[in-house]
Amino acid sequence: MSLVWHSLEVDLTSDILCGGLNCFVHTLMYAYYAFPKGNRWLRKYMTSTQILQFVFCLVGLVYAQIQRVNGTPCTGTAVAEWHGVIMYGVYLGMFAMFFYDNYVKTKKKKAAKKAEEESKQEPHEVILYGKRVDVTNFVKKHPGGSKVLRIFRDRDATEQFEAYHSDRAHKWLKAMPKRDVKKGDFLVYDTPMAKDFQKMIDMFKAKGFYKADLMEEIMKVFLVFGPYFAGHYLLFNGSPLAAAFSMGFGLYYAGWVSHDYLHHAVFRGGPNRDETTGDTVPLNNAMGYLIGFIQGYEVDWWRARHNTHHVVTNEHGNDPDIKTAPVLVYVRNNPTIAKGLNFIQRWQQYYYLPVMCILDYYWRLESIAYVLMRMPRYWKQFAALALHYAWTAYAFYGNYKYLVIMSLFRGFLTGTIVFSTHYGEDILDGGDHKMTLVEQTSKTSRNITGGYIANLLTGFLSLQTEHHLFPMMPTANLAKARPYVMEFFKKHGLEYREGNIVECVKMNIKALRYDHVLA
């Protein structure tokens, strides 16, 4: 209160940053209570929002002190700046301790208790290549996250293992303890459709579809760094609005490109340069981490979320990407869900597109929370994110409203594309539905049409069906696989779903509507 009083007394316009952030954060906090109960999982993101607010304010105030020492003071006063540094420093320490005590320490206790309980149970087994593989001692070490192995307990994961793992992972598999399958175990990999699908994969490898196109990959990297650096030039030369849109597009495209590298789909090894080998994994990871941190995202957070989404796409309770409640609740003509919508949610078909704008902000919060909950083990990731936000605060100093515009623009672009390809499709049971990977993909994925330009502008992930079937294929080659996939779907009586971006958005909005269900 004393800082606010002093700021009003001397008319400090520089406090728009701190005051504006404070109002925004508290608006989010109060809006939280407008939704139904049972959303306690959102609380850690609220705390992360407050921590991020304090970091931004501290960076701005410290920068103002540096400018004062250099003889070019900002519009504030030294008293207000030092007052703010002390106040926000204390707040940061208090909220960081609160976060650690309530989310990190508590999670560690729960994890220890769960590990103790699991040790008393039967071995944790996953079915691979017709054998039950004991992964009990590997669950926490799994690079793709422990959740995936928990989901596939006693399920056949052979197709998923084939689609997402390097030759090094196959070597690890050979060393793991195995035993024969039980009577009643369903082997998806042995079905006629699964065997036919494997033949198509082998054909694509023979045709060279798993070899990356150097020029296409260079073009994609250029579409990241070109607009990103051009935006910085515009920002430092008096064109902040143009800078916001240029940098926003660069960060939007960075999402697609880092995605490709983290799928290990760019650098290839082996005799035919079409394999993900132990030598190429670190190269792909290095580029993925670099482009990931430029966006302000932590890569392990993305992996834990995205890898799970890929192998259990649109499975209720398993796929983290479709957990959009309470902001968006997909009705899909279900009267029970429609009746359960509150007053605000009954407007969701109208606020669907505006919500896309805040996704960049939400994903940043998720990423920060992921790192904070793993401190001090994740101190390197914390330092990288801190460097990103320090540079962002410095670059946009005095132009913070354009930083907001950049984030909203980037969120809108990414969210509109991401939601168009899965969220309006079928939702599957979260248990062992016994579908092949192809069957599941046919029900849960939709392509965005528009030819090469649409493919290029979406990082070729407009070809979502092909990407989910061949996640380690360079995305620029997915268009080559498309006619073969369409023929495969026709042969096996599967629906090949696609539509232009307008049609895809309309389908999502239709899935959110409730009024026609209750009419």
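Ring pair His232/Trp391: centre-to-centre distance below 6.0 Å. Ring centroids of Tyr189 and Tyr129 are separated by less than 6.0 Å, placing the two rings close together.
Sorted by first then second residue, the salt bridge (charged side-chain N to carboxylate O under 4.0 Å, His left out) pairs that include residues 305-317, not counting sequence neighbours, are Arg155-Glu315, Arg305-Asp321, Arg305-Glu366.
Under the 4.0 Å criterion applied to side-chain N and carboxylate O atoms, Glu498 and Arg482 are assigned as salt-bridge partners. The residues Glu487 and Lys490 are annotated as not salt-bridged, no charged nitrogen and carboxylate oxygen being separated by less than 4.0 angstrom. For the pair Asp426 and Arg497, the salt-bridge criterion is met [side-chain N within less than 4.0 Å of a carboxylate O].
Atom NE2 of His316 has 12 or fewer heavy atoms from other residues, nucleotides or ligands within 6.0 Å. Within 6.0 Å of the CZ atom in Phe186, the count of heavy atoms belonging to other residues, nucleotides or ligands exceeds 12. More than 12 heavy-atom neighbours from other residues, nucleotides or ligands sit within 6.0 angstrom of OH on Tyr452. Residue Asp429 qualifies as open at atom CG: its count of foreign heavy atoms under 6.0 Å is 12 or below.
Partner Phe204 forms a ring-ring contact (aromatic ring centres under 6.0 Å, His included) with one of Phe488, Phe197, Tyr484 and no other, that one being Tyr484.
Between His468 and Thr313, the side chains place a donor N or O and an acceptor N or O closer than 3.5 Å (distance only, hydrogens not considered). A donor and an acceptor atom, one from each side chain of Asn447 and Glu466, are located under 3.5 Å apart. Under the 3.5 Å distance criterion, with hydrogens and angles disregarded, a donor-acceptor pair is assigned to the side chains of Asn285 and Arg303.
Remark: Asp196 pairs with Lys491 by the salt bridge (Lys or Arg N to Asp or Glu O under 4.0 Å) rule, at least two apart or across chains. Remark: Thr416 pairs with no residue by the side chain to side chain donor-acceptor pair (under 3.5 Å) rule, at least two apart or across chains.
Residues Asn314 and His422 are in side-chain contact: their nearest non-hydrogen atoms beyond the backbone lie under 4.5 Å apart.
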